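Note that the structure is predicted; figures quoted are calculated from it, not measured.
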Amino acid sequence: MQVPVQISFHGLEHSDAVEERVREKVAKLEQFNKDLVGCRVVIEQHHKNTSNQHHKGEPYHITINLSVPGDELVVKRDPKDPHVHEDIGVAIRDAFQSMEQQLKTWIGKQRENDRTAHKSA
């Protein structure tokens with residue numbers, strides 16, 4: 001990745017374990033495309049609390065902005081989504097699964113564009 005991964009916590013305390021999990025998920029995305037430009041992940045809870053433990057009724061909101069050459073892919077999991085996540089591990093897993101699908105779709109489109117460009121050349 002050209003720019004270091006940025007991880008922000010809003011409305012909850014920083015967690016080394018959560019940060020490590022996010023970095024593992026970003027590394028997995030890099031396996032699909034080594035040309036990733038940057039990644040910013042925001043993990044938040046809208047109700048303030050004093051720990052990063054599970055708190056019933058306070059879903060985690062995950063936003064992933066993945067910069068790829070010439071484009072940006074975005075995943076945003078917030079309360080309007082039908083899948084409200086009260087477990088941070090599940091919220092991270094689901095957000096990164098969605099991003100992985102977006103990245104695979106983007107890669108497929110890039111390959112198709114490359115094939116089309118080579119045929120017309």
Taking all atoms of both residues into account, what is the closest heavy-atom pair of Val26 and Cys39, and its distance?
CG2-SG, 3.9 Å
Side chains of Ser67 and Val3: closer than 4.5 Å at any heavy-atom pair?
no
Is there a side-chain contact between Lys25 and Ile92 in this structure, where contact means two heavy atoms from C-beta onward sitting under 4.5 Å apart?
yes
Is there a side chain to side chain contact (heavy atoms under 4.5 Å, CB included) between Arg23 and Val5 once you walk through the steps?
CA-CA 8 Å; Arg23 290 185 187 284; Val5 177; 3.7 Å; yes
Decide yes or no for Asn65 and Glu72: does some side-chain heavy atom of the first lie under 4.5 Å from some side-chain heavy atom of the second?
yes
On a heavy-atom basis, which atom in Tyr60 and which in Asp87 lie closest, and how many Å separate them?
CD1-C, 3.9 Å
Set of side chain to side chain donor-acceptor pair (under 3.5 Å) partners for Gln102, sequence neighbours left out
none
For the residue pair Gln45 and His61, what are the closest heavy atoms and their distance?
CA-CD2, 4.2 Å
His14 vs Glu19, side-chain hydrogen bond (donor to acceptor under 3.5 Å, both in side chains): CA-CA, chis, key distance, verdict
CA-CA 8 Å; His14 176 270; Glu19 183 173 329; 2.5 Å; yes
If the condition is side chain to side chain donor-acceptor pair (under 3.5 Å), which residues does Lys28 pass it with, not counting sequence neighbours?
Glu100
Side chain to side chain contact (heavy atoms under 4.5 Å, CB included) evaluation trace for Val18 with Ile88:
CA-CA 8 Å; Val18 170; Ile88 194 163; 3.9 Å; yes
Would you please name every residue forming a side chain to side chain donor-acceptor pair (under 3.5 Å) with Glu112, sequence neighbours left out?
Arg115
Rounded distance [0.5 Å steps], CG in Leu29 versus CE in Met99
7.0 Å
Can you name the nearest heavy-atom pair linking Leu73 to Leu103, along with the distance?
CD1-CA, 3.7 Å
On a heavy-atom basis, the closest approach of Asp35 and Gln2 is O-NE2, 4.3 Å
Does Ser98 use its side chain to pair, donor to acceptor, with the backbone of Asp94 at less than 3.5 Å?
no
Would Val42 and Phe9 count as a side chain to side chain contact (heavy atoms under 4.5 Å, CB included) here? Give the steps.
CA-CA 6 Å; Val42 178; Phe9 293 82; over 6 Å; no
Please report the shortest heavy-atom distance between Ile7 and Ile43, naming the atom on each side.
CG2-CD1, 4.5 Å
Chi angles and distances behind the side chain to side chain contact (heavy atoms under 4.5 Å, CB included) call for Phe96, Val22:
CA-CA 9 Å; Phe96 274 92; Val22 168; 4.0 Å; yes
Between Thr63 and Arg77, is the side-chain hydrogen bond (donor to acceptor under 3.5 Å, both in side chains) condition met? List the steps.
CA-CA 6 Å; Thr63 304; Arg77 297 283 185 201; over 6 Å; no
Do the side chains of Val68 and Ile107 join up, straight or via other hydrophobic residues, at under 4.5 Å, putting them in one cluster?
yes
Do Glu24 and Arg21 sit within salt-bridge range, that is, some charged N less than 4.0 Å from a carboxylate O?
yes
